[in-house]
Colleague: 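Below: one structure in structure tokens.
Labels below follow one simple rule: chain letters A, B, ... track the order of the sequence lines, proteins then strands, and each chain is numbered from 1. Please read all numbers here as calculations on a predicted model, not as lab measurements. Excluded from the calculations below are hydrogen atoms, water molecules and symmetry mates; all remaining heavy atoms, backbone and side chain alike, are included.
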Amino acid sequence: MELIDQHTKDIMEGCKVRARAAGLRFEDESLEYVVTNRDLLELSPKLMIPTLYDYWVHDVEVLKGKGKYELYPSNPYETVINTRPAISYYNDNNPDWLNVMIFYHVLAHIDFFQNNIFFRHTWDYDFTGEALSDKRVIAKLRSEHGRWVDYVIEFSRSIDNLVGYYQELENLFPVATTRHTLRLDYYFDIFLQDIKKVKTNEYIKEIERYNQCRAEIGELCEDIFFAEVDRRYPEFKALLAKHKSTRTTRPNDLLQHILAHSQFVNKEENKWMKTIIEIVRKTSLFFQPQIRTKIMNEGWASYWHETLFLQDDRIRGHEVEFARVNAGVTAMPRVGLNPYALGMRLFYDIEEAADKGKLHWDFQRLNDAHARDTFDTHAGNGRDYVFYVRENLSDFNFIHQFVTQDFVNRHRLFVAGRRLNESKMVWEYYVKSRDAEAYRDMLRQSLYHPPTIVIDHDKGKQNNALYLVHTFEEKPLLKDFIPNTLLGIEYLWGGSVMLETHELAPTGPRSDRPRSGTSGVDTPEKPELRWQRVVYSMENRQIKRQLME
Amino acid sequence: MKKSLWEIYQSLKEKGLSPEQEEKILVEIRLSEAHMEEGQGTPKAPPVQPSIYAFNDMAMLQDLTVGMGNYYAHIRTIDELLAKDRQRAKDGFPRKLKVGRMIKPGRGGREKVIVVPTTAEEKLIHDPSFRQEEEEEEAGAGSGEGQEGDVIGEEPVRPTQQGGGAGPGQGEGEEHELESTAYDMGRILTEQFELPNLKDKGKKRSLTRYTYDLTDRHRGFGQVLDKKATLRKIVETNIHLGNIPDVYDIDPVGFLISPKDMIYRILSREKDLESQAMVFFVRDYSGSMVGKTTELVVAQHVLIYSWLLYQYTHQVETRFILHDTKAKEVPDFYTYYNSKVAGGTQVSSAYKLVNSIVKEENLAKDYNIYVFHGTDGDDWDTEGRESIPQLNIMLGYANRVGITVARHSSSSATEVERYVKRSGLLNASPELIRMDILDDDADESRLIEGIRHLISQEK
């Protein structure tokens with residue numbers, strides 16, 4: 001791997017100047033490397049992070065096909081990675097005009113990484129640097145503990161898709177959900193009820209006293225109110241402080257819970273495992289925003305490489321070649337979903353809509369089709385608005401908010417259906433729906449969505465068990481993977497592990513589904529879904545499955 | 001065909017069948033009937049549109065896709081990986097490595113045989129197949145003209161008229177990818193295997209490719225001076241020069257020595273003539289072989305076949321025979337591999353066919369003959385009354401007969417297993433016949449162990 005030559009670097013710097021002038025914001029430094037196929041071979045299993053820790057699975061072909069992106073959501077072939085400075089990779093024989101296009105694309109990605117708030121937790125450090133020190137730590141541990149290091153990596157990675165990414169973000173952007181202070185909440189909700197166990201009428205009296213105090217003094221009442229409380233309950237202050245300290249260390253996810261409460265990894269001789277678990281968790285958190293902004297990120301980059309390329313005065317004469325390549329990247333496929341194409345069109349549409357003031361309530365409530373078509377308030381703030389969108393949204397709300405019926409109509413989008421034509425023995429593709437809601441729904445279904453697994457602290461209490469509950473959202477877990485995953489959790493937890501989930505009840509002889517021509521293609525029978533709760537338990541590396549209720 | 005199955009059933013019934021056997025036979029007949037009604041077997045799974053996460057800048061912008069590079073670089077690691085996997089089992093964790101997904105039979109001898117060690121990092125994820133089951137009709141997004149309901153395109157259910165086959169052949173949509181990411185299967189197996197009992201027969205072609213030896217002579221330069229030949233040459237030259245007037249009184253002092261007279265031995269490639277071999281692959285493709293059993297048998301035969309391809313670079317001749325109640329020879333491994341299951345089971349038919357081919361073509365004289373037979377162990381000829389005599393004939397000329405029985409999980413000892421064992425052939429001539437019993441959850445490493453058993457020299 002070597003840096004691009006001075007000539008090409010000069011082009012890149014020129015691109016930076018033009019991109020900045022257009023409003024993109026990114027750090028000055030960036031590193032561009034020329035990669036060979038051989039480099040890519042080494043980089044791709046490491047998700048393009050050259051300093052990622054070594055792990056044997058990287059040497060093995062991993063599962064292909066369906067389910068691949070559920071398991072390995074981070075894209076192994078990204079051109080630019082979200083590090084400080086950002087690193088990007090290039091073919092060594094790209095012509096200059098193509099490099100210009102790619103540079104703009106890359107710069108827009110960097111701008112996205114460094115400004116979209118879903119990446120907030122990655123802004124304050126350089127991931128490659130940390131990864132390098134992590135890699136060294138793991139190498140050192142491997143020299144001490146041998147293959148057990150790999151087991152711990154494996155088991156930690158088996159639950160790294162359950163990291164509390166949103167909780168992590170929440171901590172970074174604390175939202176004032178209530179105007180009450182912690183002290184007040186604690187006093188009324190926990191202290192009086194759970195610790196003092198005061199009678200109901202006393203409790204109500206206390207509330208009245210507070211309300212009265214508040215009515216009389218206003219904002220400042222709280223201190224006066226608590227002066228009385230401190231006099232009455234001298235222990236209150238200490239208990240509050242204790243509550244505060246325990247509250248902040250509440251684990252966000254399963255990995256953190258294991259770190260904090262597993263008796264096994266907290267044993268003196270196993271403490272080294274915690275380092276590995278933390279590394280795996282941090283790595284997973286680092287990649288989380290990427291997968292959740294795929295359509296936006298690629299759309300944003302495509303929007304800018306197109307816009308900026310066409311304005312660039314250095315590469316006149318290559319418009320036709322550019323058009324060919326650009327069409328390959330951003331054309332809407334007849335059937336299939338291209339995140340570049342979809343995201344780019346959304347950004348163009350948003351810009352136009354904002355320019356015309358169509359994002360305003362006045363437009364939303366218009367029903368007249370002609371009036372909607374010609375609506376234009378000349379608001380002219382389209383550019384600002386797309387920057388706002390790139391800063392604040394992720395794929396989910398991006399789609400939810402901006403894939404409107406107008407958008408679907410304008411780009412003639414549809415949900416494609418497929419059915420078997422028995423007489424011709426072909427799969428027929430057909431236009432299933434042009435309804436925006438259906439289209440949005442289809443998009444949402446295609447987004448990355450790991451299961452939500454929460455820890456039930458009460459049920460697990462007896463005999464040091466860990467009780468996990470898979471939150472029901474009409475999606476079953478992949479059964480084949482449950483035993484080995486639980487086995488790994490059991491190892492890290494050092495006690496038995498239970499997993500409660502919902503599965504489809506067998507609905508009679510499904511294999512006898514009419515396949516031959518008798519039922520015809522027009523009546524696809526939808527089998528009735530019946531859900532049942534099951535609990536898997538893993539004890540001493542033995543899996544058991546039990547029906548609940 | 002349907003009728004003949006019933007006829008066979010009747011005649012067997014007259015000879016007496018246990019209820020259990022009768023039931024098995026009836027199941028097979030019905031299965032084969034069902035297959036016929038269905039026509040060409042089950043259609044292949046509909047193609048899946050790539051996920052939005054399959055798109056990436058490297059491919060989209062720079063047209064850079066990553067093959068898996070040089071396989072040899074990885075060969076060292078596969079042994080390490082396998083060792084690691086065995087260690088896992090010792091440490092009490094289930095094995096994770098699958099040595100598999102390795103088949104790419106093509107027509108006309110263009111077979112590509114490859115091994116990819118695969119693994120999945122198992123996590124708790126939503127079942128990706130679930131949605132498709134529920135809303136079978138959704139095929140993703142689209143754009144362009146067309147009213148709701150308009151058909152915008154078609155895609156054949158079966159890419160070839162051959163049909164989806166039974167088990168193997170599924171999931172082959174990624175052949176291309178597999179090919180580019182593969183390991184050289186044969187290379188891995190070669191270190192472990194060798195055809196057993198090779199005998200000197202009709203040395204026509206080489207089996208072990210070439211040897212290198214200092215056999216060729218070369219004038220002027222070379223590795224070793226051939227003194228005798230050189231002296232002869234010198235004498236010859238000097239005769240021509242007239243330096244030897246009297247052959248009974250030679251005076252070498254007056255000899256002239258030309259540089260060209262020096263004769264050397266030079267390293268050269270020699271074809272090593274060795275015995276040749278004919279390998280028969282025999283496979284039960286009766287109705288009962290549906291699913292896993294066929295997969296296993298075929299997978300094992302693929303392994304053997306690929307090893308032969310590699311080690312003996314097409315110099316072992318192979319023949320392919322499929323049987324249900326009748327046996328037929330098929331032209332290539334591709335057909336052998338992909339033919340779908342149907343019909344009843346009579347193992348003897350296959351043995352008979354092999355025997356007649358060997359006899360008619362007089363193969364036993366010139367070839368070392370190997371027969372690999374894969375079955376689920378069902379046989380309507382429950383006592384082996386017809387099979388065992390045929391097997392005996394076969395053992396008369398074969399260097400090794402390897403029978404693989406892939407048992408259905410439900411059944412205990414199968415018919416073939418039972419009668420072969422009872423016949424005592426296994427004990428009487430262990431160097432000639434081997435049997436490998438697989439459970440239907442066997443994995444690739446088990447298959448390789450099976451091959452080792454089938455072809456090993458040890459008793």
Colleague: Does the side chain of B:P94 come within less than 4.5 Å of A:N484's, by heavy atoms?
Modeller: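 Sidechains of B:P94 and A:N484: in contact.
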Colleague: Is there side-chain contact between A:T501 and B:L124, with heavy atoms separated by less than 4.5 Å?
Modeller: no
Colleague: If you compare all heavy atoms of A:Y439 against all heavy atoms of B:G142, which two are closest, and at what distance to 0.1 Å?
Modeller: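 Smallest heavy-atom distance, with atoms named: CE1-O, 4.3 Å.
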Colleague: Does B:Q147 have more than 12 heavy atoms from other residues, nucleotides or ligands lying within 6.0 Å of its CD?
Modeller: no
Colleague: For a quick test of reading the model, state the closest non-hydrogen atom pair linking B:R88 to A:Y151 and the distance between them.
Modeller: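 Smallest heavy-atom distance, with atoms named: CA-OH, 3.3 Å.
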Colleague: So for A:L443, is it side chain, backbone, both, or neither that comes closer than 4.5 Å to the heavy atoms of chain B?
Modeller: neither
Colleague: Which bit of A:N91 is near chain B, if near means a heavy-atom gap under 4.5 Å: side chain, backbone, both or neither?
Modeller: both
Colleague: Apply side-chain contact (heavy atoms from CB on, under 4.5 Å) to B:D150 and A:Y430, showing your working.
Modeller: CA-CA 5 Å; B:D150 284 2; A:Y430 62 100; 6.0 Å; no
Colleague: In Å and rounded to the nearest 0.5 Å, what is the CG to CD1 distance from A:L478 to B:I125?
Modeller: 5.0 Å
Colleague: Can a side-chain donor-acceptor contact be found between A:Y340 and B:D57 if the only test is distance below 3.5 angstrom?
Modeller: yes
Colleague: Please name all residues satisfying side chain to side chain donor-acceptor pair (under 3.5 Å) with A:Y89, sequence neighbours left out, ordered by chain then number.
Modeller: none
Colleague: Can you name the side chain to side chain donor-acceptor pair (under 3.5 Å) partners of A:E298, sequence neighbours left out?
Modeller: A:H105, A:H109
Colleague: Which one wins on heavy-atom pair count under 4.5 Å against chain B: A:R334, A:E154, A:E473?
Modeller: A:R334
Colleague: With a 4.5 angstrom heavy-atom cut-off, which part of A:D480 approaches chain B: side chain, backbone, both or neither?
Modeller: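 Backbone only.
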Colleague: side-chain contact (heavy atoms from CB on, under 4.5 Å) for A:R541 and B:F93? Distances and angles first, verdict last.
Modeller: CA-CA 8 Å; A:R541 299 181 185 176; B:F93 303 117; 3.4 Å; yes
Colleague: Measure across A:A416 and B:A141 and return the closest heavy-atom pair with its distance rounded to 0.1 Å.
Modeller: CB-O, 4.2 Å
Colleague: Under 4.0 Å between a side-chain nitrogen and a carboxylate oxygen: does that hold for B:E122 and A:R157?
Modeller: no
Colleague: Chain B: which of A:N338, A:I453, A:I295 shares the most heavy-atom pairs with it under 4.5 Å?
Modeller: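 Of A:N338, A:I453, A:I295, A:N338 has the most heavy-atom pairs under 4.5 Å with chain B.
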Colleague: Non-hydrogen atoms of chain B under 4.5 Å away: do they reach the side chain of A:P333, the backbone, both or neither?
Modeller: backbone
Colleague: What pair of heavy atoms forms the shortest contact from A:F481 to B:K123, and how long is it?
Modeller: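 That would be CB-O, 3.3 Å.
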Colleague: Just by modelled atom types, is the A:H449 backbone N or O under 3.5 Å from a matching donor or acceptor in the B:H126 side chain?
Modeller: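 Checking the backbone N and O of A:H449 against the side chain of B:H126, a donor-acceptor pair under 3.5 Å is found.
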Colleague: Main chain of A:F414, side chain of B:S143: is a donor-acceptor contact present, judged purely on distance under 3.5 Å?
Modeller: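 Checked: no pair found.
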Colleague: Salt bridge or not for A:R434 and B:E148, using N-O below 4.0 Å?
Modeller: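 Answer for the salt bridge query: no.
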Colleague: If the threshold is 4.0 Å, N to carboxylate O, is there a salt bridge linking A:R147 and B:D91?
Modeller: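 Yes, charged N to carboxylate O under 4.0 Å.
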Colleague: Taking side chain as everything from C-beta outward and backbone as N, CA, C, O, which of these in B:E145 sits under 4.5 Å from a heavy atom of chain A? Side chain, backbone, both or neither.
Modeller: both
Colleague: Between B:D127 and A:L477, is the side-chain contact (heavy atoms from CB on, under 4.5 Å) condition met? List the steps.
Modeller: CA-CA 5 Å; B:D127 188 344; A:L477 293 177; over 6 Å; no
